[in-house]
Amino acid sequence: MNIFTAYRDHVLDQVAALVAAGTLPEGLDTSRVAVEPPRDPSHGDMATNAAMVLAKPAGLKPRDLAERLVERLSGVAGVTAVEVAGPGFINMRLDPAVWLECLRDALRAGERYGDSGIGGGRKVNVEFVSANPTGPMHVGHARGAVVGDALAALLDKAGFAVTREYYVNDAGAQVDALARATHARYRQALGRLSEDDIAAMLARKEIEYGGDYLVPLGETLATEFGDRFADAPEAEWLAPIRDRAIAAMLAMIKDDLAALGVAFDTFTSERDLVGAGRVDETLAFLEARGLIYTGVLEPPKGKAPEDWEPRPQTLFKATEFGDDVDRPVRKSDGSWTYFAGDMAYHRDKVDRGFEDMINVFGADHGGYVKRLQAVVKAVSDGRASLDVKLCQLVKLLDRGEPVKMSKRAGTFVTLRDVVDRVGKDVVRFIMLTRKNDATLDFDFAKVTEQSRDNPVWYVQYAHARACSVFGHAEELWPGRDLSPAALAEAPLDRLDAPEERDVIRLLAGWPRLVEGAAEAHEPHRVAYYLAEVAAAFHGLWTKGKDDAQLRFLMPDDEALSLARLALVQGVATVIASGLQIFGVQPVRELR
RNA sequence: GCGCCCGUAGCUCAAUCGGAUAGAGCAUCCGCCUUCUAAGCGGAUGGUUGCAGGUUCGAGUCCUGCCGGGCGCGCCA
């Protein structure tokens, strides 16, 4: 339960009472009323802006309205003090028991602590990765994979019905190019081509993909087909080789994703959509609404192609929905553009019942956002909406020096390389330590170092320390039930040190943080919050070194120790709950 | 030329639908280990939030115009 939402309800109850009493007019918009922790803890436990946002429409001065609210709020259960501050803030102090109850909630809920119902079971489609099935995943894909997966987990925790989806671009020129490169490797496996021949073909741009990851596939195909396609015309081998190459690449990608701990609910094939006539259907749907027409586009400014020729083409009226220009749906050879496939794809999502969609893309797709949002509006008659999270570049570093990427065709730093080197948990956490639209430095030396400025380690250290306290407690009181459920019954009111109260309030903020991060589609907030929890816990730990009375385990006072263990367990629980969103395993000890 | 993103302390970054005195870490300086992991903790120093206007009770956040950086701009995906 979000304790701040509970008190917001209390505030709104009192606002309603003022309306009933005639102090406030009917029909006030209370959506901007917020109850939140004050930035400065000395102001109290909770603050509300209610008086300031309601004063104007009510024709009152903020402070006057605040005074009226304060009178009423002082009677609310759990509120021990209320006062007006600054321009009209209302600061509330709560009975410590309110916060202690939050800790009890956390202990009883375990990793489910922070689960929320704000999603109301609403279906959300999170599309991410969607890398072309033409080769292994590289580090650039890793960020999108982790951001998408964590965002999905976050939304799931917030009560949305989430589908993780991968769009497979298995139609179009890219996969034909893949088939040609695969055919060359197949001929190589049959001894018809040498490595030098392949290099020469690459240089002449006869083939596009030179990576040696196609070598084993070539060998497999040589076994399957013998020399049947070795000298056959392309028309004969293109389709069968393409099919096998796509399947093989997709299997490789799924493997790479599994190494990162990412799995999808749905893979949607572009080829299947086209084959099922979904593009034609979608075009007909839009045509019926007057959104498809034949027209001539202006040449793009600043980058006029040499061979630009104005010509009439089939266009989608994207400008009707806020895009800059209308977008072509057919290439000059009459085939669909990639965009046409995407129109059908997003219509398909709408047909499957999704009105909330999120796409996680690389920053190089920035120019694509508006037209996709236009399409989503158009194919859903305005019901559905699309949020696009653009992930900026990951800069790979080692001790501050850029990691050199080989220019040789087909070689790059793969996702697998990075996971093998630092482990999936480190990759996942670090990828979530920046908001998606900021570039991210990934320094191999830094992310594996054990120090304060490595957030993964710092958070894990806090969890391990918490576990360590329990190890000692079991030695002190063998056989004692130290389960979270048992600790929830401990005399928590013994937790009266200000430092302890601060940590409890922080933990009580976890449900609120989950909801805020989910609504904003910002999983990185969890990383900062966890670092804050870890810092608070490390601080508490050190307090126990300075002042023996503040140690978690007091051998002479079992009841107090149990109460403090409850707090320690609360910290561990919240960290575990947060790491679960990230798909990171909390560690019980560090070596 | 146009569109999108970014610009916060020396460095890397936070800042809760617009909230109160803009916060952390690193670096620099000063403290804290017979005691639950000092791989840690506490304190100090450090700011015209790129610039100039505007909106309002209140702006890092919203609007306009500049400056600087990144990405993108028909028949690629």
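Letters A, B, ... mirror the listed sequences (proteins, then strands); counts begin at 1.
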What contact category does Ala47(A) fall into here, base, sugar-phosphate, or nothing, at under 4.0 angstrom with non-hydrogen atoms? base
Presence of salt bridge, Asp557(A) and Arg494(A), under 4.0 angstrom: yes
Take atom CZ of Arg330(A) and atom P of rC75(B), then tell me their distance rounded to the nearest Å. 15 Å
At 4.0 Å (heavy atoms only), tell me whether Val53(A) reaches a base, stays on the sugar-phosphate, or touches nothing. base
By nearest nucleotide on RNA chain B, pick out whichever of Arg588(A) and Gln174(A) is the more 5' one. Arg588(A)
For Tyr345(A) and rA77(B), is the shortest distance between a side-chain N/O and OP1 or OP2 below 4.0 Å? no
Expressed in whole Å, how much space separates the P atoms belonging to rG47(B) and rA9(B)? 10 Å
Within less than 4.0 Å of OP1 or OP2 of rC75(B), is there a side-chain N or O belonging to Trp336(A)? no
All N/O contacts under 3.5 Å from nucleotides 3-6 of chain B to the protein, with atom names and distances to one decimal?
{"residue": "rG3(B)", "atom": "O3'", "partner": "Lys370(A)", "partner atom": "NZ", "Å": "3.2"}
{"residue": "rG3(B)", "atom": "O2'", "partner": "Lys370(A)", "partner atom": "NZ", "Å": "3.3"}

Between Lys446(A) and Glu449(A), is there a salt bridge with N-O shorter than 4.0 Å? no
Taking atom C1' of rU16(B) as reference, at what distance in whole Å does atom CD1 of Ile118(A) sit? 13 Å
Taking the cut-offs as 6.0 angstrom to the six-membered ring centre and 45 degrees off its axis, would you call Arg452(A) and Tyr458(A) a cation-pi pair? yes
For Tyr338(A), which contact category applies under a 4.0 Å heavy-atom criterion: base, sugar-phosphate, or nothing? base
Nearest whole angstrom, please: distance from the P of rC36(B) to the CG of Leu562(A). 20 Å
For Lys543(A) and rC41(B), is the shortest distance between a side-chain N/O and OP1 or OP2 below 4.0 Å? no
Which part of the nucleic acid, if any, lies within contact of Ala55(A), taking any heavy atom under 4.0 Å across all strands shown: a base, the sugar-phosphate backbone alone, or nothing? nothing
In whole Å, I'd like the distance from the CG atom of Asn436(A) to the P atom of rC71(B). 17 Å
Examine the base of rA77(B) for any acceptor or donor lying under 3.5 Å from a partner atom in the side chain of Asp364(A), and report the outcome as yes or no. no
Give one of base, sugar-phosphate or nothing for Asp547(A), where a contact means two heavy atoms less than 4.0 Å apart. nothing
With Arg564(A) as the cation and Phe552(A) as the aromatic partner, state whether NZ or CZ is under 6.0 Å from the six-membered ring centre and within 45° of the axis. no
Could you tell me how far rC51(B) sits from rG10(B) if I compare only their P atoms? Round to whole Å. 13 Å
Report which part of the nucleic acid Arg465(A) touches: base, sugar-phosphate, or nothing (heavy-atom distance under 4.0 Å, all strands). sugar-phosphate
Pro38(A) side chain: which of rA20(B), rA77(B), rU37(B) is closest? rA20(B)
Regarding Arg32(A), tell me which of base, sugar-phosphate or nothing describes its non-hydrogen contacts under 4.0 Å with the strands shown. base
Measure from the side chain of Glu36(A), starting at C-beta and using heavy atoms only, and say which of rA77(B), rC36(B), rC17(B) lies closest. rC17(B)
Need one value for Ser31(A): base, sugar-phosphate or nothing, where a base atom within 4.0 Å counts as base even if backbone is also close, heavy atoms only. base
Kindly express the pairing pattern of RNA chain B in dot-bracket notation, using | wherever a base pairs with another strand and counting only Watson-Crick or G-U pairs under 3.5 Å. (((((((..((((.....[...)))).(((((.......))))).....(((((..]....))))))))))))....
Would you tell me if any nitrogen or oxygen in the side chain of His524(A) comes within less than 4.0 Å of OP1 or OP2 on rA15(B)? yes
Assess whether a salt bridge exists between Arg327(A) and Asp323(A), defined as any Lys/Arg side-chain N lying under 4.0 Å from an Asp/Glu carboxylate O. yes
Just the rounded figure in Å: distance from C1' of rU37(B) to CG of Leu590(A). 9 Å
What's the closest nucleotide to the Asp441(A) side chain, out of rU12(B), rC36(B), rC75(B)? rU12(B)
Distance, rounded to the nearest Å, where Lys61(A) contributes NZ and rU56(B) contributes P: 19 Å
Specify the closest pair of heavy atoms between Leu393(A) and Arg143(A), including all atoms of both residues, with the distance to one decimal. O-NH1, 3.5 Å
Check every strand shown and say whether Pro87(A) touches a base, only sugar-phosphate, or nothing at a heavy-atom separation below 4.0 Å. base
Electrostatic pair Glu558(A):Arg480(A) at N-O distance under 4.0 angstrom: yes
With the side chain defined as heavy atoms from C-beta on, Tyr461(A) is closest, among rC57(B), rA20(B), rU37(B), to rU37(B)
C1' atoms of rC17(B) and rG3(B), separation to the nearest Å: 26 Å
Hey, is Glu36(A) close enough to Arg512(A) for a salt bridge, meaning N to O under 4.0 Å? yes
Using atom CG of Leu553(A) as one end and atom P of rC36(B) as the other, report the distance to the nearest whole Å. 11 Å
Assign Tyr368(A) to base, sugar-phosphate, or nothing according to its heavy-atom contacts below 4.0 angstrom with the strands shown. base
Please list, pair by pair, any protein nitrogen or oxygen found under 3.5 Å from a nitrogen or oxygen in nucleotides 24-28 of chain B.
none

Whole angstrom value for the distance that separates P of rG42(B) from CD of Glu499(A): 11 Å
Taking the same atom, P, in rC2(B) and in rU8(B), what whole-Å distance lies between them? 25 Å
Any donor-acceptor N/O pair under 3.5 Å between rU16(B) base and Arg512(A) side chain: yes
